[in-house]
Asker: 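Below: one structure in structure tokens.
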Amino acid sequence: MTDLATDLAPQYDPTAIETALYRWWDGHGVHHAPTDAPGEPFVIMMPPPNVTAVLHAGHALNNTVQDVLVRFERMRGRLALWLPGTDHAGIATQNVVEKQLAKEGQTRFDLGRDAFEARVWAHVRVTGPAIRGQLEALGCSCDWERQYFTLDEDLSRAVREVFVSLHEKGLVYRGKYIIHWCPRCLTALSNEEAEKEEVAGTIWRLRYPLADGSGSVVVATTRPETMLGDTAVAVHPADPRYRALVGKEVALPLADRRIPVVADAAVDPAFGTGAVKVTPAHDPTDFEIAQRAGLPAIDVMTPEARMAETVPGRFRGLDRFEARRRVVAEFEALGLLAGTDEHRHAVGHCYRCDTVVEPRLSDQWFVRMAPLARPALQAYRDGRLRFLPERRGDEYANWMENIRDWCISRQLWWGHRIPVWYCEAAGCGHVAASRTDLAACPACRGPVRQDDDVLDTWFSSWLVPFSSLGWPDDTPDLRRFYPGHVLVTAPEILFFWVARMVMAGCEFMGEPPFATVYLHGTVRDTQHRKMSKSLGNGIDPLEVVERYGADALRYTLVSSLAVGTDVILDPADLEASFAPGRNFCNKLWNAGRFLLSNLEGPVRPLAGPHPDAVRPEELTLADRWIVARCNRAVVEATDAYARYRLNDAAATIYRFLWNEYADWYIEQVKPRLYGETPGGDVARAVAVRVFDTALRLLHPVTPFITETLWRRLPGRRPGDSITVARWPQPDARAVHDAAERDFGMVQELVGAIRAIRAEYGVPPGRTVRAYVTGAPADTVVALTDEMETVGRLAKVSALTFQEPAETVGAHAVLTDGTAVFVALGDAIDLRKECDRLGAEVARLTGLVAGQERKLANEQFVARAPADVVAREREKLASWREQVEVLAGKRRQLGCA
């Protein structure tokens, strides 16, 4: 073995190479994109992971896809910037730290705001670096010199600039509206954060007596506990059933109040009874009805979703669901429960803690979205923004066309505090939004108080495509790297983040922050459930890295990822999920070790002006074939990468490296490499050049093993890295259709003989004689030239181009019509094989007879289900076919 392979372990061990290799990349700055460096920029903005916990399988998939694209474009000569960051994740991070405090017997209120914020900062100073370490373990080629955190001072300044700018334009406002409220997180949520889940519910029909005693009206509701806050009953103005009731009053049961019957077109006459209770403080539609009718709003719940002081004493302090049971029970006891119906409906749940959210009337800050949505929608319609898969563009457009104002205030302590100050001087009441902290009222110089709430986490995230590059300052980075090119993310945050980034980019930078949005699938288990901690079906990517290596993980994810489809993995059987990726790496490692151990002396250039370069006439058929196949792999893989069909790229390279290079070319050239036949220098030149090219093609998917092997190829210098090596280019000189066709026939013949050997149980050490007839002239020439290859790889002692004199054997036909006969008379124990085949024919014949009797039974055919009868007929057809095949084999062997 030469020095080139002596430092490669006999067995592939990713733990021995990956960590040290990433440190080398980081230390040599190969992932850094200097602002003043040449080249056309290629920019990807990493969706910033939350600083809450370890990364999960979804992060592994998302970041692997991004890294594949970045490495591909970097090798193509572009100035590739993958900008990493982490998100402060207001609700999620505050929840984590509050749970820590709860275990210590404390709450955030015990600490106070400043001390609590300091506690959270201490937490994120630990989790932030941990997340970077996990991304490095995955092989992510981020520009860590530009890493940001959404609460960094520069990004916080951008957040204030945007808030105040929008406020000055009248696009940020404070108002009292129905919002989604999480009683667990104690904060408002945006519409997108209140995730709808289909649940089995009930419609209760409640009878409200008319105040004048003339009758009653029945209302339908899914939330009977809120009836304690009803201030009206509403009907559709055109509903003839209730026209006479409009203007009358009903006596509200349990609450000892009278409320009016009003008419409003928002009522759906077909829902329930056509009459609805109006609870303005707890339903957005009811709130709008109340606004139009001048009705009061009564808030009957505390922030924790317990019944408030505004309800009768016996209900106060009850949990909302217990109050629901009590209200229904009292209606039933009073004879006022008119009935119930089962009802499936979508109920909002907090996207962070999965608590059922409560519609609640509250003073909150909002962004007026329609003016921001118009240019963002136009960018899609103009083709300046595209989506993969394309259907996601329709979802984006539909959301933009029906956009609602965004509730951006959160009742939290962790996050960007709303930059609004209220004057506390008597008689002033001035409210100021400011880019800098205020110590006094701008209007009267009196004392001021800053708003206690913080901004929605997404209010900082929607700015990162430009705030992370230095905006609002006009920085060199901003001029060089904005707009970016591709956003890679999951479809779940299309509206949370993607759409809002487009709106922010159009508003503050004049153009979208990227041209392509690639929304990949979701990682699911074998039951097609999304992986989650609550289901216990998650996969820890770091555990996979430790057991199989980052390259095996990356290869598995990429090879499973067709555009628009989900990735299915088995959390109960990591071996089944990730062994194929590990096996591929093992195959690649062994091929590299074999090649490197057989590179005696200098390796000649395969082409070019060098005087020692290999001349075309020196190439054998196998050489010309592998060079042509390699060139085809370059074309196909490059096209697949460029079209985001990463699984197709991985499949192309896998097929080339495993099936063609390792299994065929390396096997074919072994005699030349060993010096047993002439041409070893040419074989080495071809093998090295092709392996070099294949490693470059594979590098975006499996960066660690490809770098390790590529560095050891001849001609490498200290400091060389495949990370910045030139991407392979198609070469017209490599195209050789005839070589592909001719060596393809050699492969077919070897495969046909191997199949016959396996089918008839020829012992591995026994050679056979083969006869080829009816072959076209080109095939005869190819098989003659490669007779040694056929003999060695198919264990053929004699290959003859004439009609066989022997009669005992097996036949095959190649795709070009060439007939192949393999003599078996002295290769196997004929009597034993004939007896075995005869016994199997007899067994199958008995099954056929029994099945024919069953299907001849008219009662069975008439009474059995049609699909059962069809399956029985399929069995019969299959058994008959097997009998014919085995009988044919007996005839070929000359069995009596």
Side-chain angles (χ1 to χ4, degrees), residues 18 21-22 24-26 28-34 37-44 46 63-84 136 138-144 481 484-486 488 516 518 550-551 554-555 558-559 585 588 592 606 630-654 656-657 661 688-713 715-717 719-731 734:
E18 292 183 349
L21 192 49
Y22 198 95
W24 187 93
W25 284 334
D26 203 30
H28 286 74
V30 294
H31 303 152
H32 178 55
E40 178 190 356
F42 176 80
V43 181
I44 288 186
M46 176 188 289
N63 286 287
T64 295
V65 171
Q66 293 176 80
D67 195 42
V68 169
L69 297 176
V70 168
R71 289 181 181 273
F72 171 59
E73 294 294 349
R74 184 184 289 122
M75 294 178 73
R76 294 176 91 186
R78 296 181 70 173
L79 182 60
L81 168 61
W82 185 12
L83 210 161
E136 290 178 351
L138 293 174
C140 297
S141 61
C142 308
D143 189 343
W144 294 112
F481 296 116
H485 297 84
V486 185
V488 180
T516 300
Y518 175 28
D551 286 336
R554 291 166 63 107
Y555 177 81
V558 171
S559 61
C585 290
L588 183 62
L606 186 57
C630 183
N631 189 68
R632 193 177 294 276
V634 169
V635 172
E636 293 178 1
T638 303
D639 177 68
Y641 278 128
R643 294 192 299 121
Y644 304 94
R645 297 188 175 277
L646 308 187
N647 63 311
D648 290 342
T652 293
I653 305 162
Y654 176 99
F656 174 74
L657 270 168
Y661 183 77
V688 168
R689 174 67 173 272
V690 167
F691 195 57
D692 181 313
T693 299
L695 291 176
R696 296 182 197 224
L697 293 179
L698 184 60
H699 176 71
V701 180
T702 58
F704 292 106
I705 190 171
T706 51
E707 175 80 283
T708 302
L709 295 173
W710 185 85
R711 281 187 185 180
R712 287 161 174 77
L713 292 179
R716 299 288 93 89
R717 296 164 302 190
D720 281 354
S721 173
I722 194 174
T723 304
V724 290
R726 185 171 178 267
W727 186 257
Q729 300 299 309
D731 189 340

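Note that the structure is predicted; figures quoted are calculated from it, not measured. Sequential numbering from 1 along the given sequence is applied to the chain's residues.
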Asker: Work out which heavy atom in L606 is nearest to a heavy atom in R689; give both atom names and the distance.
Answerer: CD2-CG, 3.5 Å

Asker: Is it true that the NZ or CZ of R71 lies under 6.0 Å from the centre of W25's six-membered ring and within 45 degrees of the ring axis?
Answerer: yes

Asker: Restricting to ring pair (Phe, Tyr, Trp, His ring centres under 6.0 Å), what partner residues turn up for W144, sequence neighbours left out?
Answerer: none

Asker: Just by distance, do the side chain of Y641 and the backbone of L697 share a donor-acceptor pair under 3.5 Å?
Answerer: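 Yes; judged by distance alone, with no hydrogens or angles, the pair exists.
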
Asker: Any sub-3.5 Å donor-acceptor pair from R554's side-chain atoms to L138's backbone N or O?
Answerer: yes

Asker: Please list, chain by chain and in numerical order, all residues satisfying side-chain contact (heavy atoms from CB on, under 4.5 Å) with E40, sequence neighbours excluded.
Answerer: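 E40 satisfies side-chain contact (heavy atoms from CB on, under 4.5 Å) with R78 once adjacent residues are dropped.
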
Asker: I need the I44 CD1 to L81 CG distance, nearest 0.5 Å.
Answerer: 9.5 Å

Asker: Is there a donor-acceptor contact under 3.5 Å from the side chain of Y22 to the main chain of C140?
Answerer: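 The answer is yes, because a donor-acceptor pair under 3.5 Å joins these two groups.
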
Asker: Could you tell me which residues satisfy ring pair (Phe, Tyr, Trp, His ring centres under 6.0 Å) with W710, sequence neighbours excluded, listed by chain and number?
Answerer: none

Asker: Please report the closest heavy-atom contact between G592 and L709, naming both atoms and the distance.
Answerer: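 Minimum heavy-atom separation between G592 and L709: CA-CD2, 4.3 Å.
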
Asker: Does C630 reach the side chain of Y661, with side-chain heavy atoms less than 4.5 Å apart?
Answerer: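 Not touching, per the 4.5 Å side-chain cut-off.
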
Asker: Please report the shortest heavy-atom distance between W727 and P700, naming the atom on each side.
Answerer: CZ3-CG, 3.9 Å

Asker: So how far is it from E18 CD to I705 CD1, rounded to the nearest 0.5 Å?
Answerer: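 Here the interatomic distance stands at 9.0 Å.
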
Asker: Side chains of T516 and Y644: closer than 4.5 Å at any heavy-atom pair?
Answerer: yes

Asker: So V43 and L83, do their side chains get closer than 4.5 Å, heavy atoms only?
Answerer: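 No - every pair of side-chain heavy atoms lies 4.5 Å or more apart.
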
Asker: Checking side-chain contact (heavy atoms from CB on, under 4.5 Å) between S141 and each of T723, V30, D67, which is the one that passes?
Answerer: D67

Asker: Can you measure from OG1 (T708) to CG (L695) and round to the nearest 0.5 angstrom?
Answerer: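 Reported to 0.5 Å precision, the distance equals 10.0 Å.
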
Asker: Heavy-atom distance under 4.5 Å between the side chains of D692 and P728, does that happen here?
Answerer: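 No; the side chains remain at least 4.5 Å from each other.
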
Asker: Might you confirm whether atom CZ of R645 has over 12 heavy atoms from other residues, nucleotides or ligands at distances under 6.0 Å?
Answerer: no

Asker: What pair of heavy atoms forms the shortest contact from C142 to P84, and how long is it?
Answerer: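 Heavy-atom minimum between the residues: CB-CG, 3.7 Å.
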
Asker: If a pair satisfies salt bridge (charged side-chain N to carboxylate O under 4.0 Å, His left out) and one of its residues is in residues 697-709, list it, with sequence neighbours excluded.
Answerer: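 Of all non-adjacent pairs touching residues 697-709, those that pass salt bridge (charged side-chain N to carboxylate O under 4.0 Å, His left out) are E707-R711.
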
Asker: Looking at residues at least two apart in the chain, or sitting in another chain, which of them share a ring pair (Phe, Tyr, Trp, His ring centres under 6.0 Å) with H32?
Answerer: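 Not a single residue meets the ring pair (Phe, Tyr, Trp, His ring centres under 6.0 Å) criterion with H32.
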
Asker: How far does OG of S559 sit from CG of D648, to the nearest 0.5 angstrom?
Answerer: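 With rounding to 0.5 Å, OG (S559) is 11.0 Å from CG (D648).
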
Asker: Quick check: does any side chain N or O of N631 sit under 3.5 Å from a backbone N or O of A734, one acting as donor and the other as acceptor?
Answerer: no

Asker: Looking only at heavy atoms, which two atoms of R76 and A642 are closest? And how far apart?
Answerer: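 Here R76 and A642 meet closest at NH1-CB, 4.4 Å.
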
Asker: Mind running side chain to side chain contact (heavy atoms under 4.5 Å, CB included) on Q729 and V634 for me, showing each step along the way?
Answerer: CA-CA 7 Å; Q729 300 299 309; V634 169; 5.8 Å; no

Asker: With rounding to the nearest 0.5 angstrom, report the CG to CG distance, L588 to L698.
Answerer: 6.0 Å

Asker: Could you report the tightest heavy-atom contact between T652 and A637, atom names first, then the distance?
Answerer: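 Reported closest heavy-atom pair: CG2-N, 4.2 Å.
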
Asker: Can you list the residues that meet the side-chain contact (heavy atoms from CB on, under 4.5 Å) rule with Y654, with sequence neighbours excluded?
Answerer: Y555, F584, W658

Asker: Starting at OG1 of T693, measure out to CZ of F691 and round the result to the nearest 0.5 Å.
Answerer: 11.0 Å

Asker: Using the side chain to side chain donor-acceptor pair (under 3.5 Å) definition, which of the options E73, Q66, H31 pairs with W82?
Answerer: Q66

